[in-house]
> 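Encoded as structure tokens, here's the structure I'll be asking about.
Chain letters run A, B, ... following the sequence lines, proteins first, then strands; residues in each count from 1.
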There are 4 protein chains.
Amino acid sequence: MSEASKRGGNKRERILSAAVKTFAKNGFYNAKVSEVASAAGVADGTIYLYFKNKDDLLISAFEDRMQMLNDRLRHELEMLGGTPLIKLRRCLTLHLLIAVEAPSLAEFITVELRQSSKFIKEYDNHQFQEYLRIVVEVIREGQAQGEIRNDIDPWIVTRALFGALDEMLLALVLRAGDVSHELVEARVEVLQQLFVDGLKVDKSERKEN
Amino acid sequence: MSEASKRGGNKRERILSAAVKTFAKNGFYNAKVSEVASAAGVADGTIYLYFKNKDDLLISAFEDRMQMLNDRLRHELEMLGGTPLIKLRRCLTLHLLIAVEAPSLAEFITVELRQSSKFIKEYDNHQFQEYLRIVVEVIREGQAQGEIRNDIDPWIVTRALFGALDEMLLALVLRAGDVSHELVEARVEVLQQLFVDGLKVDKSERKEN
Amino acid sequence: MSEASKRGGNKRERILSAAVKTFAKNGFYNAKVSEVASAAGVADGTIYLYFKNKDDLLISAFEDRMQMLNDRLRHELEMLGGTPLIKLRRCLTLHLLIAVEAPSLAEFITVELRQSSKFIKEYDNHQFQEYLRIVVEVIREGQAQGEIRNDIDPWIVTRALFGALDEMLLALVLRAGDVSHELVEARVEVLQQLFVDGLKVDKSERKEN
Amino acid sequence: MSEASKRGGNKRERILSAAVKTFAKNGFYNAKVSEVASAAGVADGTIYLYFKNKDDLLISAFEDRMQMLNDRLRHELEMLGGTPLIKLRRCLTLHLLIAVEAPSLAEFITVELRQSSKFIKEYDNHQFQEYLRIVVEVIREGQAQGEIRNDIDPWIVTRALFGALDEMLLALVLRAGDVSHELVEARVEVLQQLFVDGLKVDKSERKEN
DNA sequence: GATGAATGAGTTTTCATTCAT
DNA sequence: CATGAATGAAAACTCATTCAT
């Protein structure tokens, strides 16, 4: 029974994984269901035992992967401890690391999320909301502790942050060749400077230097 | 003018305009060429007199509209004068204003650009590069004049900035109902604080307060 | 009985019964084997232990039900005694009574038999022939006894009779709501007048009146 | 313009004609749209320019052909003149003649009408109603003129008559080989005796003989 | 140049049937 | 005998594109 549930669960997972790869490579609309099936090593019809239709497969893949990312993000933030700004930096890092650790997933998220934004109107987009919520919480914590400025709406900041991160991730993923950890670190550094310190030349800091 | 509206040159424009509206409403892949045609008031076949195929129509619409936006941006920046930071703020404002002045265009750009990112590999994306270049130039100017920090790559900043703006624009456009100038101004204010001043609580400024 | 209900022999019957209901409701081609299976309370695969394929299920259901009807018809005619015309009337009644006693079966027979007429070429349609034979026999008996006109082919009459009855039955079954015994009796009366007495105004009878 | 309308009309007609043949040969559910298309000498997609879907094609074919038959029946009854019983006989003849003059149409009507009876619930079945109406009118006329017995509902009679005719037609069509005019006449004769004179041995007539 | 009827390649989805358990 | 997850062949339907007028 646990074997059986593992088999079923395994097949569903294999299909989701194949869907992410296939959709990432060709885009949702150019990807054929039969491609996903053969990438998953199952028959075409099998997909329809686990998902209602192609749209459902897209949404399920999206929600499932976002949940994984959210779980990891939440877990790492808990482990990490540290100040909110340190946590925030961790958020940046984890987001861009997808380009290193799961390039297909990165491509899938950056490209297909926008499609889903249209889908948003029709489905919950629950896990994306959840993602934002996690970051918003970090910012609120920072505001409460006086580390982050108080005069700014955490939701809007988070949304902007996400946009920047997502664009960054897309740029990384679309480069030819692999993305190194060093490159990711460099990008994180820039984003950190940009978002945390700001573009402005800070006179007080200049004096300190 | 009514003569011009009957000219072929105008017909191309009508098709592009219809394409933007139609692609914005349904997404590129769900939009039918015949929908675009009837929205433009021309026969299906006529579209193929002006564009090679549906893909070409998408790219042409995108490039054409981006060029319009770039022209306007360049023009306004020249008119405006002022410091680079003032110019930068103008960039933010103009980007978000699309949600007010041309909602379809906003939706088209935010949603379809990502699709096109895949297209990027195949076509120049010339006008998008141009857009980035304009903003990069403003930042470089700021760096040269000592108003913007020097230790940060203008291209990366610009890319991040674009991502944030684009996400912001998407969020505005997906709201139910019209977007007001006031709302746009509020968003610009937040982005300005975020990007220019940074999230960090600035002790020197606090003292100054 | 509860033991019997767990026996295989009974399972076959349950499947046939489910098939009749399901085919009646949706039609043969729109009915799914899995629907039949779940209506019968068995697994999909089980059906194929008792029937070669979906076609075989249709034909078997048809033959089986027709045999039941034939058995009953034969039995009632024997019980009844009476003149051939009385027996003929009993045939009419029993046919239309299906609409009261087994509406699904009625629908199944009236609608699917025609489909099967195409099948006829490929299978015996044995029980349908048997049904006709029973009625033919009644008519022959009537002819032998001088109660029914002799100058008319019993097979053709029977076929026409069957057509009329079947159409009548269909009309009854397609009505919204239940069919009453009274309604059936009324229809039988009409058919009796039609087939036995004829449409013609009979001058000799008029005189008698 | 009249040419164009002829072309369009012609193509529609060709498709309907092909549909009748194809549906008659294989039955609606076993017939492929592409078979109809190639029988009509058009591309698969063309069918969908004239009909919404396969169901619509079935219904349209049915209604169209029934209308033709109704037009002819109405026309012949007007031409014919004569007593209602003569007209009634003409109805029988014309119905069975379909087996001679348009065997595919005969098969199509006899087999598919039942399917459509299920469809009835969903569509008007207008022309079938019209057919019944024409016959009902003949019977009413006969009743008014005292030629046909008055104590019998014309609608029920007509329905029974139709059932008998349809079954007769089916039997003719399913025979191997062509159906001759003589065979049709023989069948008409039997039906006439059956419906008009009745099965009963008529003593008054016997005396007259 | 403009039209829009016709094309037919291409894809999702269904479902009868099988077979390992 | 019974199961039901898996299969994959088959078909309706769509829609970008063409081309005769």
Side-chain angles (χ1 to χ4, degrees), chain A residues 1 3-4 7-8 11-12 15 29-38 40-57, chain B residues 6-9 11-12 29-38 40-57, chain C residues 6-9 11-12 29-38 40-57, chain D residues 1 3-4 7-8 11-12 15 29-38 40-57:
Chain A
M1 191 73 174
E3 273 181 306
R7 272 211 321 170
K11 200 156 275 187
R12 191 189 138 95
I15 294 171
Y29 288 101
N30 291 315
K32 289 165 227 152
V33 172
S34 67
E35 273 183 290
V36 175
S38 79
V42 300
D44 293 17
T46 304
I47 298 218
Y48 294 87
L49 295 178
Y50 295 91
F51 304 95
K52 225 178 73 206
N53 51 36
K54 198 185 172 190
D55 280 12
D56 185 36
L57 180 55
Chain B
K6 273 164 199 159
R7 279 177 183 287
K11 202 160 269 190
R12 188 187 141 96
Y29 288 100
N30 291 313
K32 293 163 211 157
V33 171
S34 67
E35 269 184 290
V36 175
S38 81
V42 301
D44 294 17
T46 305
I47 297 210
Y48 292 87
L49 297 175
Y50 294 91
F51 304 95
K52 219 178 77 205
N53 51 35
K54 199 185 173 190
D55 281 12
D56 184 37
L57 180 56
Chain C
K6 272 164 198 158
R7 279 176 183 287
K11 201 161 270 187
R12 189 188 139 95
Y29 288 101
N30 291 314
K32 293 163 211 159
V33 171
S34 68
E35 268 184 291
V36 176
S38 80
V42 301
D44 293 18
T46 305
I47 297 210
Y48 292 87
L49 298 175
Y50 294 91
F51 304 95
K52 220 178 77 206
N53 52 34
K54 198 186 174 190
D55 281 12
D56 184 36
L57 180 55
Chain D
M1 192 72 173
E3 274 181 306
R7 273 210 322 169
K11 201 157 275 186
R12 191 189 138 95
I15 294 171
Y29 288 101
N30 290 313
K32 290 164 227 153
V33 171
S34 66
E35 273 182 289
V36 176
S38 79
V42 301
D44 293 18
T46 304
I47 298 219
Y48 294 89
L49 295 178
Y50 294 91
F51 305 95
K52 222 178 74 205
N53 51 36
K54 198 185 171 189
D55 280 12
D56 185 35
L57 180 55

> Taking only residues two or more places apart in sequence, or in another chain, which ones meet D:N53 in a side chain to side chain contact (heavy atoms under 4.5 Å, CB included)?
D:D55, D:D56
> Distance check needed: E:dG1 C1' versus B:R12 CZ, whole Å only.
16 Å
> Which listed nucleotide (E:dA16, F:dC13, F:dT17) is nearest to the side chain of C:V33?
E:dA16
> Of all heavy-atom pairs between B:R12 and B:Y50, which one has the smallest distance, and what is that distance?
CB-CD2, 3.8 Å
> Can you identify which nucleotide, out of E:dG1, F:dC1, F:dT7, has its nearest atom closest to the B:L49 side chain?
E:dG1
> Using a cut-off of under 3.5 Å, enumerate the N/O to N/O pairs linking the protein to nucleotides 18-20 of chain E.
none

> For C:A31, which contact category applies under a 4.0 Å heavy-atom criterion: base, sugar-phosphate, or nothing?
sugar-phosphate
> Write down the distance between CZ (C:F51) and P (F:dA2), rounded to a whole number of angstrom.
12 Å
> Restricting to side chain to side chain contact (heavy atoms under 4.5 Å, CB included), what partner residues turn up for C:S34, sequence neighbours left out?
C:K32, C:D44
> Please report the distance, rounded to the nearest Å, between OH in B:Y29 and P in E:dG10.
16 Å
> Between F:dA5 and A:K11, is there an OP1 or OP2 to side-chain N/O distance shorter than 4.0 Å?
no
> Output yes when at least one side-chain N/O atom of A:T46 is less than 4.0 Å from OP1 or OP2 of F:dA6, else no.
no
> What integer distance in Å separates A:I47:CD1 from E:dT14:C1'?
14 Å
> Report the residues that fulfil side chain to side chain contact (heavy atoms under 4.5 Å, CB included) with B:V42, sequence neighbours left out, ordered by chain and then residue number.
B:K11, B:R14, B:I15, B:A37, B:A40, B:T46, B:I47
> Once you build an axis from the first five pairs and another from the last five of the helix from E:dA2-F:dT21 to E:dT21-F:dA2, how far apart in angle are they, to 10 degrees?
0°
> Rounded off to whole Å, could you give me the CG-to-C1' distance for the B:N30 and F:dA16 pair?
14 Å
> Quick one: is B:K54 getting a side-chain N or O under 4.0 Å of the F:dT17 phosphate, OP1 or OP2?
no
> OP1 or OP2 of F:dA12 sitting under 4.0 Å from any side-chain N/O of D:K32?
no
> Can you work out whether D:N53 or A:G41 has the more 5'-proximal nearest nucleotide on DNA chain F?
A:G41
> When the distance from OH of D:Y50 to C1' of F:dC13 is rounded to whole Å, what number comes out?
18 Å
> When rounded to the nearest 0.5 angstrom, what distance separates OH in C:Y29 from NZ in C:K54?
8.0 Å
